[in-house]
Amino acid sequence: MNLTFGAKIKDARKSKNLTQRQLAQQIGAKHNSVSDWENDKNRPDTATIELLCKALDITPNYLLDASTGEYSPAEKTIIQKYRFISQYSPEGAATVGFILNREYQIAKEKQQAIPMPSLPEEDLAAIERALQKFDIKKAR
């Protein structure tokens with residue numbers, strides 16, 4: 001999903017749990033300026049972009065270029081959480097990896113419009129154990 005310049009600022013600001021006013025105070029701008037940037041009404045000058053990037057822990061490339069392939073703040077948070085889980089709960093990391101791989105397969109199959117095959121019994125059993133272990137209710 002390609003986010004607009006303003007949507008990237010808003011996403012990064014929210015991932016830092018900042019209000020528009022708090023972000024504006026950090027970079028020495030007016031809070032309505034932050035609102036205008038987030039709504040793509042205008043863009044800040046180069047010096048302000050540098051301050052924004054520092055405050056939001058993003059790079060100018062991420063903010064200005066839709067094709068850089070850099071991680072969004074939300075993606076960085078997911079990576080940090082996975083690394084933490086990997087360090088302190090190898091079983092949890094294995095479960096996350098299993099679910100991620102399976103969901104990736106499902107998405108790829110949907111993308112290619114190929115009917116999804118049913119899961120083997122051992123996969124279903126592993127999923128059931130993971131759901132019970134983490135007390136997750138079935139969505140379907």
Side-chain angles (χ1 to χ4, degrees):
M1 169 173 64
N2 288 335
L3 298 175
T4 65
F5 179 88
K8 289 177 184 179
I9 292 174
K10 185 175 185 176
D11 180 59
R13 175 181 60 78
K14 286 186 171 191
S15 76
K16 290 284 192 182
N17 294 316
L18 295 172
T19 65
Q20 289 179 343
R21 189 174 302 278
Q22 289 169 328
L23 177 58
Q25 287 172 344
Q26 279 190 17
I27 64 171
K30 297 178 183 175
H31 82 278
N32 59 332
S33 294
V34 175
S35 174
D36 288 348
W37 301 332
E38 289 184 359
N39 289 306
D40 292 305
K41 291 183 180 177
N42 56 45
R43 289 188 177 189
D45 60 36
T46 307
T48 305
I49 288 175
E50 288 181 40
L51 294 171
L52 273 171
C53 290
K54 185 175 181 181
L56 298 174
D57 193 27
I58 56 177
T59 66
N61 280 344
Y62 168 74
L63 191 57
L64 298 170
D65 186 7
S67 63
T68 62
E70 292 193 32
Y71 298 118
S72 72
E75 291 167 327
K76 286 180 183 179
T77 300
I78 290 169
I79 292 167
Q80 289 169 342
K81 287 178 181 179
Y82 179 77
R83 287 179 179 165
F84 185 83
I85 291 168
S86 295
Q87 185 175 2
Y88 294 102
S89 176
E91 302 86 11
T95 302
V96 170
F98 175 83
I99 292 170
L100 184 63
N101 287 332
R102 185 65 197 140
E103 291 302 317
Y104 180 79
Q105 280 182 320
I106 291 168
K108 290 297 279 185
E109 290 169 357
K110 285 181 181 179
Q111 178 189 33
Q112 297 169 0
I114 296 173
M116 187 176 71
S118 60
L119 287 171
E121 275 306 313
E122 61 270 9
D123 287 353
L124 291 172
I127 291 170
E128 189 67 37
R129 285 191 305 275
L131 291 172
Q132 289 172 356
K133 178 179 178 182
F134 296 103
D135 196 27
I136 300 170
K137 306 287 186 237
K138 290 182 182 178
R140 300 175 202 180

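Worth saying up front: this structure is predicted, and the values here are computed from it rather than measured. Just the heavy atoms: all of them, side chains too, but no hydrogens, waters or symmetry mates, feed the values below. Note that the numbering runs from 1 along the sequence shown for the chain.
Here the closest non-hydrogen pair linking P60 and C53 is N-SG, 3.5 Å. Closest heavy-atom contact between L52 and P44: CD1-CG, 3.8 Å. Residue Y82 comes nearest to V96 through the heavy atom pair CD1-CG1, 3.7 Å, listed as atom of the first residue, atom of the second, then distance. K10 and E38 get closest at one heavy-atom pair: CA-OE2, 3.5 Å. Smallest separation of non-hydrogen atoms from A24 and V34: CB-CG2, 3.8 Å.
When only modelled atom types and interatomic distance are considered, R102 and Q105 share a side-chain donor-acceptor pair under 3.5 Å. T48 and D45 share a side-chain donor-acceptor pair at under 3.5 Å.
Judged by distance alone, with hydrogens and angles left aside, the side-chain atoms of R13 form a donor-acceptor pair with the main-chain N or O of L18 at under 3.5 Å. Remark: side-chain polar atoms of K8 are not paired, donor with acceptor, to backbone N or O of I58 under 3.5 angstrom. The main-chain N or O of A7 is never found under 3.5 Å from a side-chain atom of D11 such that the two would form a donor-acceptor pair. At distances below 3.5 Å, not a single donor-acceptor pair connects side-chain atoms of D36 with backbone N or O atoms of K41.
Here E50 contributes atom CD and L63 contributes atom CG; the two are 11.5 Å apart, rounded to the nearest 0.5 Å. Taken from CD in E91 to CD1 in I85, the straight-line distance is 11.5 Å, to the nearest 0.5 Å. Between Q22 atom CD and Q26 atom CD the span is 7.5 Å, to the nearest 0.5 Å. Within the model, atoms CG of L23 and CH2 of W37 stand 7.0 Å from one another, a figure rounded to the nearest 0.5 Å. Taken from CD in E109 to OH in Y104, the straight-line distance is 11.5 Å, to the nearest 0.5 Å. Note that OG1 of T19 and CD of Q25 are 7.0 Å apart. Values are rounded to the nearest 0.5 Å.
When the side chains of ILVMFWY residues are joined at heavy-atom separations under 4.5 Å, either directly or via intervening members, I99 and F84 end up in two distinct hydrophobic clusters.
Considering only heavy atoms from C-beta on, I49 comes within 4.5 Å of L64 through its side chain.
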